[in-house]
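Below is one structure, written out as structure tokens; comments come after it.
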Amino acid sequence: MQGAPVQQYLDLAPRVMEAKALGRPLVALESTLIAQGMPYPKNLETALALEAAVREEGAEPATLAIMDGHLKIGLAEDELTRLAKAGKDAVKTSRRDIPLMVASKGLGATTVAATMILAAMAGIRVFATGGIGGVHRGAQQSFDISADLDELAQTDVAVVCAGAKSVLDLGLTLEYLETKGVPVWGYGTDQLPAFYCRDSGLGVDARLDSPEAIAAALKAKWALGLKGGVVVANPIPAEHALDRRLVDMAIGQALVEAEKQGMGGKALTPFLLQRVTELTEGQTLAANIALVLNNARLAAKIAGALARA
Ligand code: PSU
Ligand code: MN
């Protein structure tokens, strides 16, 4: 199998293939968020609602995952159901996990990093998710920095997200992205959003107020051969934003529990996110769904603008 082309592993859904053939805009969607981030059946409802939101804005959605040895670019409804029902039994798959997930023919839910890789392989340039991974608090000691950040440094995909959760060290996350040359653009805002809250108190590098302006800047980046992705930071709609004190309290407690239990490695982020949901009695889940939908819509508009740019 030496020198085997990537294509033999890619499995494009018929709708995705058709959209590509017609030059229609495509938006990639993440599967870790569905499998690990939300309980069944809310996760399936959300996955379907995300795809519908992308279509409403005139683009074709492709939820990405790894199934039965294939890199799946777009899932049929029965496949989405399988992923949603598997939940945490699906393997959280980041860059380093991809080879084994393919070879073992397992069920892999792709993180931001892995979703970017699959999207790029399939020629999809715009990707919507909830929040990216980043530099964890205490990373000076633990070295825990998400592989999402290095992926953003090297893979040509724009990631539309609501910033990163304040379980992370947002200031250090921005420093790391700056070092790696990853642009962080605020959509209609000068501040980095903090996921459930609209503002983090930290600035982005530029504010862009339209999908066309974002598309023009993306086109320039890639036309110039400046490798890597971009963070498009889209604040949660005001009516769904949560009270900062509630969120900070839940995060504070989740961090203490994680430390006590010696959590680390790839289990840490899912643990923190689940505890925050439990501690806020599901308020963060509702906010999470609202912000991902908002990101899917913006991503579809950017993909459309990029197709016309
Ligand atoms: N942030 C969220 N929800 C998530 C994740 C991050 O608000 O579900 C997931 C994403 O899949 C992200 C991953 O890529 O966690 C980062 O994990 P780690 O910190 O282990 O790299
Ligand atoms: Mn980590």
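Counting starts at 1 for both ligands and their atoms, following the listed order.
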Item to complete: Starting from atom 15 (O) of ligand 1, find the nearest protein heavy-atom neighbour and note its residue, name and distance.
Response: T269 CG2, 3.6 Å
Discussion item. Any nitrogen or oxygen of S146, side chain or backbone, less than 3.5 Å from one on ligand 1?
Written reply: yes
Item to complete: Decide yes or no for H70 and Y9: does some side-chain heavy atom of the first lie under 4.5 Å from some side-chain heavy atom of the second?
Response: no
Item to complete: Mark yes when over 12 heavy atoms from residues, nucleotides or ligands other than K221 sit less than 6.0 Å from its NZ; otherwise mark no.
Response: yes
Discussion item. Could you measure the distance from the CG atom of L246 to the OH atom of Y196? Nearest 0.5 Å is fine.
Written reply: 10.0 Å
Item to complete: Keeping the roles fixed (side chain from K72, backbone from L64), state whether a donor-acceptor pair exists under 3.5 Å.
Response: no
Discussion item. Distance check, rounded to the nearest 0.5 Å: L26 atom CG versus L306 atom CG?
Written reply: 11.0 Å
Discussion item. Checking a contact table here: which protein heavy atom is nearest atom 5 (C) of ligand 1, and how many Å away?
Written reply: L273 CD1, 3.9 Å
Item to complete: Using a strict cut-off of 4.0 Å, indicate which atoms of ligand 1 neighbour a heavy atom of K92.
Response: 17 (O), 18 (P), 20 (O)
Worksheet item: Is the closest heavy atom of Q36 to ligand 1 under 4.0 Å?
Response: no
Practice prompt. Test the R125-W222 pair against the cation-pi criterion, namely NZ or CZ under 6.0 angstrom from the six-membered ring centroid and within 45° of the ring axis.
Written response: yes
Discussion item. Between the Mn ion (ligand 2) and D144, which N, O or S atom of the residue is the nearest one?
Written reply: OD1
Item to complete: For T63 and E51, test the side chains for any donor-to-acceptor distance below 3.5 angstrom and give the result as yes or no.
Response: yes
Item to complete: With the side chain counted from C-beta on, respond yes when L218 and I302 share a heavy-atom pair under 4.5 Å apart, and no when they do not.
Response: yes
Worksheet item: Which bit of T111 is near ligand 1, meaning a heavy atom under 4.0 Å away: side chain, backbone, both or neither?
Response: both
Worksheet item: Is ligand 1 under 4.0 Å from a heavy atom in the side chain of H136, in the backbone, in both, or in neither?
Response: side chain
Item to complete: Would you check the N or O atoms of E30, main chain and side chain alike, for any that come under 3.5 Å of an N or O of ligand 1?
Response: yes
Worksheet item: So, does T46 use its side chain to make a donor-acceptor pair with the main chain of I289 at under 3.5 Å?
Response: no
Practice prompt. Taking only heavy atoms of T32 into account, list the atoms of ligand 1 that are under 4.0 Å away from them.
Written response: 11 (O)
Discussion item. Side chains of V27 and P61, heavy atoms from C-beta outward: is any pair under 4.5 Å?
Written reply: no
Worksheet item: Side chain, backbone, both or neither: which part of V112 comes within less than 4.0 Å of ligand 1 when only heavy atoms are counted?
Response: both
Worksheet entry | Closest protein heavy atom to atom 2 (C) of ligand 1, given as residue, atom name and distance to 0.1 Å | K165 NZ, 3.1 Å
Worksheet item: For atom 6 (C) of ligand 1, what's the nearest protein heavy atom and its distance?
Response: G131 O, 3.5 Å
Worksheet entry | ligand 1 contacted by G37 (non-hydrogen, < 4.0 Å) | no
Practice prompt. List the closest protein heavy-atom neighbour of atom 12 (C) of ligand 1: residue, atom name, distance to the nearest 0.1 Å.
Written response: D148 OD2, 3.3 Å
